[in-house]
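Here's the structure, in structure tokens; my notes come after.
If you're wondering where the values come from, they're calculated on a predicted model, not measured in any experiment. Every heavy atom of this structure was used, including side-chain atoms; hydrogens, water molecules and symmetry mates were not.
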Amino acid sequence: MTKKLLLIDGNSIAFKAFYALYQSLDRFTNTSGLHTSAIYGFNRMLDKVLKEEQPTDVLVAFDAGKVTFRTKMYSDYKGGRAKTPSELSEQFPFIRELVNARGIKAYELPNYEADDIIGTLAKQAEQAGNYEVVIVTGDRDLTQLTSDKTTVQVSKKGVTELEKYTPEHVEKKLGVEPSQIIEIKGLKGDNSDNYPGVEKVGDKTALKLVQQFGTIANLYDHIDEVSGKKLKEHLIQDQDKAERARTLATINRDAPVTISLSDLSYQGDQLEQLTDFYERMNFKSFLSNLAVDDSDDEKNQFAAIKYETLTADNLSALKQFQDEVSFHLEMADENYHTSPILGFAIGQGNQWFVTNNPDLLQADIVKQLLTSPTIKKNVFDAKRTYVGLYRQSIILQNVDFDMLLVSYLLNTTNNSNDVGTVAHLHGFNNVKTDEEVYGKGAKRSIDTQSPAFLAHLVHKAKAIDALHDNMFADLDQHNQTKLYRDIEIKIAFVLANMEISGIKVDPTKLEEMGSKFTERLSEIEQAIYQQAGETFNIGSPKQLGKILFEKLHLPVLKKTKTGYSTSVDVLEKLAPDAPIVQDVLDYRQISKLLSTYIDGLLKVIHQDDSKVHTRYLQTLTQTGRLSSVDPNLQNIPVRTEEGRLIREAFVPSHPGWQIFSSDYSQIELRVLASITNDQNMQEAFREGEDIHATTARRIFGLASNDEVTPELRRQAKAVNFGIVYGISDYGLSKNTGISRKQAHQFIQRYFEEYPGVKKYTEDIVEFARNHQYVETIAHRRRYLPDINSRNFNLRAFAERTAMNTPIQGSAADIIKIAMINMADAIKDMRTTMLLQVHDELIFEVPDDELATVKELIPKVMDSAIKLNVPLKVESHWGKTWYDAK
DNA sequence: GTTGTCACG
DNA sequence: ACGTACGTGACAACT
């Protein structure tokens, strides 16, 4: 039988874990004040790797101490390294204890590093023949051990994310064979281990030399063939250093280990010991996972919750649920507008019922329960459940708890659409994820006939039931109960009805436009080939880059990490140099319209009603905005005339009706004026001035708005946008083409003229630093863990986010309130709300209601909330969306 | 599955 | 000195 040996580099993983959680160092301490972050991270890695690899034998190797055969050979080896922080070194004994409690052997060998132990045992296993070897480490150097029988997994940013190196992957990634890694290190040396290689030889030269000569030895045998006089001199000069560095980098695969392969068999968790350990470390989630895994035997776990399979005969048992019930409707696919319904689970406390027969939804007692205005329903994803039931002619009522929505409000990051994942996030572990039960990707399959399926549904419903008290309490603690009850749960149903309504799309119109575009496209295509002197795939940035920058020698203004950038801003700068560039720009535009908006939309029109039914994702964005998928109706072209024509295909669903659109004018700047309490900006809005002109007048010191030229207004507008995005002079200069110095001046002038805004930007960042989050008007919260980061980039990004999120998020709050009020205001009319595009709402309106809605809709929108400045709404209508302008 | 590009607010 | 505008989704190419 083949065995699988897992070898773990204990020190490097502990280091990685410690630094991955460095930000949260203070959150990871146990009651006796011991730091536990590295222990925690280490155990997460163990969980993951043990589960994924299912090894038969395991060893964790540790470094024995400072002195090794390498330091004897070269006294500066690993010299100059900062001392291991005490917060980490105090954890090492406990990591060993953990390893032990998990039934794993730990080992160290005086004079040798963990690498050498691993290298030696891997070699022994390979020679024994019947072993497969997996090495887990944080140190990329170990990839030199990669072979047919040995894979090396190197932890990436966290410790649970591992990059798997096979010999093929090494070659692809590094350009050399695994055995040649030491040759490269020999030539370039290693800064972190503090030994030099050859002078002036870095990654690139080393790689080139090794690719050419194979090994250092062979290189020196053919030293005359090295191109470059200086390089050759350095090589000759530093031959001893190269050879020493090569030896230092080489893992010793014949270390005198005193342990043998047969000592390494994996014992599995030592429950008593491990429970005790987790308790001392205060590892709650590991503890509760232990309880679940304890009943690893599947039957046991499912037996943990008793349930009955629902049939026509025992339906009356559901009568017991008079006040409250948890309900989970299972559908096969993401898209609940079209997905088959597979079954449902319902119950409370210890009473659970489940079925794989969706027809039972039609049973009177089930229907009454779901539509009852007095029995509270607890679900996961109210909108999805509502639409699914709506398709069965059941109107879900009185949803009290939506676990998905509450989880999103509590923390917008780490949000998932999976009950199991969200439950785990909130500390309830007795439920699997869909991925665990159904598989993922091509392997995903749902066997509705299996007992595991029924059990899974019950476990999901039970998770909702189990968590709702705690999660509501958390919501209250965040001061978010009103946000949930008055906005989010209500808008869920408003959105559901908009999605169900859908918007009619005229396929003939799209096809007509499609033919025109196709024709145009092939003309441009020919023109491009002509100028390039060859045919190629214009849609491939790689091939296009080759033509433009290598064949036609256009100047390279920007690069991406994989090659030349060919993005619009680059091409626009190059357009005057060569006519082909403008053709490429045109080609891009048309093919975008064709693929995304003509073909893309045609694909998602429902045959039965000629409509598209988008899904609004309510729990995705970090700011509280919605997003729209399948299709995305929030990015239908409008800025160019050619693109805008797409909107002609969006028509009312009844002849003679109108498409009616109302949008908030400058909502984000009005929100800014209001929450910063800046008197000057508020005045501009109260007086009904053109805000960009006023800004121009102020920062350029003009006497009146009449003196503002279009160019000055354009620049002021860019500054206004910049402020909303959390400005920097660099960003502003890049976006407007003015110099950085000038951008800096504009911003300074802006802050002089709008001192309230300046104070706000300072205060909000300060608030974020103190609380690690920011809030909108409606107490929507966004956490900013990077706000105190030592990494400039991360910190600067968090600071801009701190400024932007309350603005963008409060605007999102406002339109959501407007939509809830709107649904009520038009409930007895035929006018239907169809779409939301962040600051605008789109309706279809019968002619005889037009006069009413012209007044009503703007009224509802501008009175959604009381700010310190007025809200302004503009409306347009016409016989297609295009005409509503 | 990731990257580059481009559509929207 | 660092090296940046905020928030999204879909498509084609390429790994």
On the nucleotide [N], are OP1 or OP2 found under 4.0 Å from the side-chain N or O atoms that [X] carries?
X        : N      : result
A:Ser567 : B:dC6  : no
A:Gln543 : C:dC14 : yes
A:Lys734 : C:dA5  : yes
A:Thr566 : B:dT5  : yes
A:Ser627 : C:dG9  : yes
A:Thr623 : C:dG7  : no
A:Ser565 : B:dT5  : yes
A:Arg639 : B:dG9  : yes
A:Asn537 : C:dA13 : yes
A:Thr562 : B:dG4  : yes
A:Arg588 : B:dC6  : yes
A:Lys542 : C:dT15 : yes

Open item on the list: Return the pairing partner of C:dA1 with a 3.5 Å limit on both distances, Watson-Crick or G-U wobble; otherwise return none.
Closed with: none

Measure from [atom1] on [X] to [atom2] on [N] and round the result to the nearest Å.
X        : N      : atom1 : atom2 : answer
A:Gln808 : C:dC6  : CD    : P     : 11 Å
A:Glu525 : C:dA12 : CD    : C1'   : 15 Å
A:Ile815 : C:dT8  : CD1   : P     : 17 Å
A:Leu626 : C:dC6  : CG    : P     : 21 Å
A:Lys717 : B:dG9  : NZ    : C1'   : 12 Å
A:Gln589 : B:dG4  : CD    : C1'   : 18 Å
A:Glu799 : C:dA5  : CD    : P     : 15 Å
A:Ile538 : B:dT5  : CD1   : C1'   : 15 Å

Open item on the list: Please find the pair of heavy atoms, one from A:Gln153 and one from A:Lys164, that lie closest to each other, and give the distance.
Closed with: NE2-CE, 3.5 Å

To the side chain of [X], which of [options] is closest?
X        : options               : value
A:Thr560 : B:dG4, C:dC6, C:dT4   : B:dG4
A:Phe792 : C:dA13, C:dG7, C:dG3  : C:dG3
A:Asn632 : C:dA12, C:dC6, C:dA10 : C:dA10
A:Thr801 : C:dA12, C:dT4, C:dG7  : C:dG7
A:Ser595 : C:dA12, C:dA5, C:dA10 : C:dA12

For [X], answer base if it contacts any base atom (sugar-phosphate contacts may also be present), sugar-phosphate if it contacts only those atoms, and nothing otherwise; contact means non-hydrogen atoms under 4.0 Å.
X        : value
A:Leu593 : nothing
A:Ile636 : sugar-phosphate
A:Arg740 : base
A:Val724 : nothing
A:Asp630 : sugar-phosphate
A:Asn635 : base
A:Ala718 : base
A:Ser591 : nothing
A:Asn735 : base
A:Gly722 : base

Confirm from the modelled atom types if [X] and [N] form a donor-acceptor pair under 3.5 Å, side chain to base only.
X        : N     : answer
A:Arg800 : C:dT4 : yes
A:Gln634 : B:dC8 : no
A:Ser728 : C:dT4 : yes

Over 60° means perpendicular and under 30° means parallel, so classify the ring planes of [Y] and [X], tilted if in between.
X        : Y        : result
A:His337 : A:His613 : tilted
A:Phe843 : A:Phe660 : perpendicular
A:His771 : A:Tyr773 : perpendicular

TODO: Report yes or no: does A:Ser810 contribute a side-chain atom to a donor-acceptor pair with the main-chain N or O of A:Pro806 at less than 3.5 Å?
DONE: yes

For atom [atom1], what is the distance between [N] and [M], given to the nearest Å?
N     : M     : atom1 : answer
B:dG4 : C:dA5 : P     : 14 Å
B:dA7 : C:dC2 : P     : 33 Å
C:dT4 : B:dT3 : P     : 16 Å

Task: SB check A:Lys383 A:Glu499 (cutoff 4.0 Å) - done: yes

Task: Partner of A:Arg780 by side-chain hydrogen bond (donor to acceptor under 3.5 Å, both in side chains), out of A:Thr805, A:Thr412, A:Asp813 - done: A:Asp813

Task: From CD1 (A:Ile699) to OH (A:Tyr754), nearest 0.5 Å - done: 8.0 Å

Open item on the list: Distance to the ring centre below 6.0 angstrom and angle to the axis at most 45 degrees; does that hold for A:Arg670 and A:Tyr664?
Closed with: no

